[in-house]
Amino acid sequence: MVWDFARSTRWIVRHVLVVVLVVVMVNLGFWQLRRLDEKQAYKSLVEAREQQAALPVEDVVPIEADVDADAVDDVLYRRVTATGRYLAEDTVVVENRTYNGASGGWVLTPLDLGDGTAVVVNRGFIGFDAEGRIVAPDPPTSEVRVEGLLFPSQERGSFGPRDPEEGDLAVLARVDLERIAQQVQPRLYPAYVQLVESDPDEPAPAEGSASLVALGPPEPSEGPHLAYAVQWFIFSTIAAGGYVLLLRKVAQDEAKARAQASS
């Protein structure tokens with residue numbers, strides 16, 4: 001076989017492109033494996049902390065901690081209880097949320113614990129009403145006992161809408177506890193409670209209004225990352241192996257052409 005062609009400028013460019021393609025696909029495969037590790041770690045963490053006994057939120061979360069403090073991270077997804085009265089006037093809706101394929105928002109209401117502190121409760125998901133609006137229903141007016149899981153305050157990433165820095169907001173882009181604290185009188189705990197149970201229950205929705213659905217415990221999934229990783233590794237193998245076969249075929253054709261020319 002003749003391999004001189006493989007050293008030409010045109011083929012060197014092709015070699016480089018194929019190498020870059022294979023390296024990219026291999027790295028995408030390893031990135032999917034890292035995402036799988038993250039999902040597995042999150043699933044194990046949530047499942048382990050869900051099994052711990054429910055304790056009063058004031059015994060679990062340090063009120064003086066920042067939202068991103070290690071002391072808060074150490075108790076996330078723990079099951080907690082809280083007793084108090086909802087501050088209905090401080091309810092906010094986090095828009096652009098989905099639940100079982102439906103679009104709507106999360107209803108967040110601070111629960112006043114009666115000692116100068118409050119914890120934000122994600123009371124659940126609500127869809128659009130008959131008029132196409134997201135209207136947060138009023139919470140129970142009596143003292144309530146809630147039980148749920150602790151979740152972290154959310155931050156804006158590189159992209160996404162920004163909430164106004166001033167004013168009292170009725171709608172938020174995310175569960176930003178520091179922003180909510182600006183418009184709530186009691187001091188807020190640096191984590192919020194995703195509601196699982198409430199005593200008494202939420203009031204029944206008015207006619208024409210959407211129902212409020214408690215989100216309950218998270219159901220972490222490992223996702224399809226392993227399958228995606230395998231696909232990327234297969235693609236990279238096909239690309240590398242196919243290119244070698246292509247080079248071999250071209251070399252054979254070059255050898256045949258030279259043999260015919262010399263005969």
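Owing to the predicted nature of the structure, the values given are computational and were not obtained by experimental measurement.
- Rounding to the nearest 0.5 angstrom, the gap separating the OH atom in Tyr77 from the CG atom in Leu45 is 7.0 Å.
- Partner of Val61 under the side chain to side chain contact (heavy atoms under 4.5 Å, CB included) criterion, out of Thr117, Val193, Val75: Val75 alone.
- The shortest distance between side-chain heavy atoms of Asp199 and Val144 does not fall below 4.5 Å.
- In this structure, the separation between OG1 on Thr81 and CG on Leu55 is 7.5 Å, given to the nearest 0.5 Å.
- Sequence neighbours left out, the pairs with a member in residues 137-154 that pass salt bridge (Lys or Arg N to Asp or Glu O under 4.0 Å) are Arg79-Glu147, Arg145-Glu147.
- Taking the side chain as every heavy atom from C-beta outward, Gln194 and Val121 never approach each other to under 4.5 Å.
- For the pair Leu172/Arg179, a side-chain contact is recorded, criterion being any heavy-atom separation below 4.5 Å from C-beta on.
- When all heavy atoms are compared, the tightest approach of Glu178 to Ser153 is N-OG, 4.4 Å.
- Judged by distance alone, with hydrogens and angles left aside, the side-chain atoms of Ser44 form no donor-acceptor pair with the main-chain N or O of Ala41 at under 3.5 Å.
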Derivation of the ring-ring contact (aromatic ring centres under 6.0 Å, His included) call for Phe233 and Tyr228: CA-CA 9 Å; Phe233 293 141; Tyr228 289 160; over 10 Å; no
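- Judged as a side chain to side chain contact (heavy atoms under 4.5 Å, CB included), and not counting sequence neighbours, the contacts of Tyr243 are Trp11, Arg14, His15, Val18, Leu246, Leu247.
- In this structure, the side chains of Leu195 and Asn122 stay at 4.5 Å or more apart for every pair of heavy atoms.
- Looking at every heavy atom in both residues, Val119 comes nearest to Ala191 through CG2-O, 3.7 Å.
- Atom CD of residue Gln32 and atom CZ of residue Phe30 lie 12.5 Å apart, to the nearest 0.5 angstrom.
- Smallest separation of non-hydrogen atoms from Thr109 and Pro139: CG2-CG, 4.4 Å.
- Looking at Tyr192 and Leu150, their side chains never come closer than 4.5 Å, going by heavy atoms from C-beta outward.
- The shortest side-chain heavy-atom distance between Arg97 and Arg174 falls under the 4.5 Å cut-off.
- Under a hydrophobic-cluster definition in which Ile, Leu, Val, Met, Phe, Trp and Tyr are linked whenever side-chain heavy atoms come within less than 4.5 Å, directly or via other members, Leu169 and Val93 are assigned to different clusters.
- Residue Arg78 holds its CZ atom at 10.0 Å from CG of Leu149, rounded to the nearest 0.5 Å.
- Interatomic distance, Tyr189 OH to Leu111 CG, rounded to the nearest 0.5 Å: 11.0 Å.
- A pairwise comparison of heavy atoms in Val171 and Asp163 identifies O-OD1, 4.3 Å as the closest pair.
- Checked against side chain to side chain contact (heavy atoms under 4.5 Å, CB included), Val23 has the following partners two or more places apart in sequence or in another chain: Val19, Asn27.
- For CD of Glu155, the number of neighbouring non-hydrogen atoms (other residues, nucleotides, ligands) closer than 6.0 Å is 12 at most.
- Of all heavy-atom pairs between Ala239 and Met25, the closest is CB-CE, 3.6 Å.
- Residues Leu226 and Val26 are members of one and the same hydrophobic cluster, defined by side-chain heavy-atom contacts under 4.5 angstrom among Ile, Leu, Val, Met, Phe, Trp and Tyr.
- In the hydrophobic clustering of ILVMFWY residues, with side-chain heavy atoms under 4.5 Å counting as a link, Phe125 and Leu108 come out together.
- More than 12 heavy atoms of other residues, nucleotides or ligands sit less than 6.0 Å from atom CD of Gln52.
- When all heavy atoms of Ile134 and Gly104 are compared, the closest pair comes out as CD1-C, 3.6 Å.
- Contacts of Trp31 classified as side chain to side chain contact (heavy atoms under 4.5 Å, CB included), with partners at least two apart in sequence or in another chain: Arg34, Arg35.
- Annotation: side chain of Ile126 is not in contact with side chain of Ser211 (no heavy-atom distance under 4.5 Å).
- Cluster membership check: Val196 does not share its hydrophobic cluster with Val146, using side-chain heavy-atom separations under 4.5 Å among Ile, Leu, Val, Met, Phe, Trp and Tyr.
- Taking Ile, Leu, Val, Met, Phe, Trp and Tyr as hydrophobic and joining them when side-chain heavy atoms fall under 4.5 Å apart, one finds Val13 in a cluster with Leu17.
- Under a cutoff of 6.0 Å and an axis angle of 45°, Arg123 and Tyr86 form a cation-pi pair.
- Transitive grouping of hydrophobic side chains (ILVMFWY, heavy atoms separated by less than 4.5 Å) keeps Phe151 and Val57 in distinct clusters.
- We find the NE2-CG distance between His225 and Asp37 to be 10.5 Å, quoted to the nearest 0.5 Å.
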Can you give me every donor-acceptor pair (side chain of residues 63-73, partner residue at least two apart or in another chain, under 3.5 Å) with its distance?
none

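- Using a 4.5 Å heavy-atom cutoff, the side chains of Pro164 and Glu166 are not in contact.
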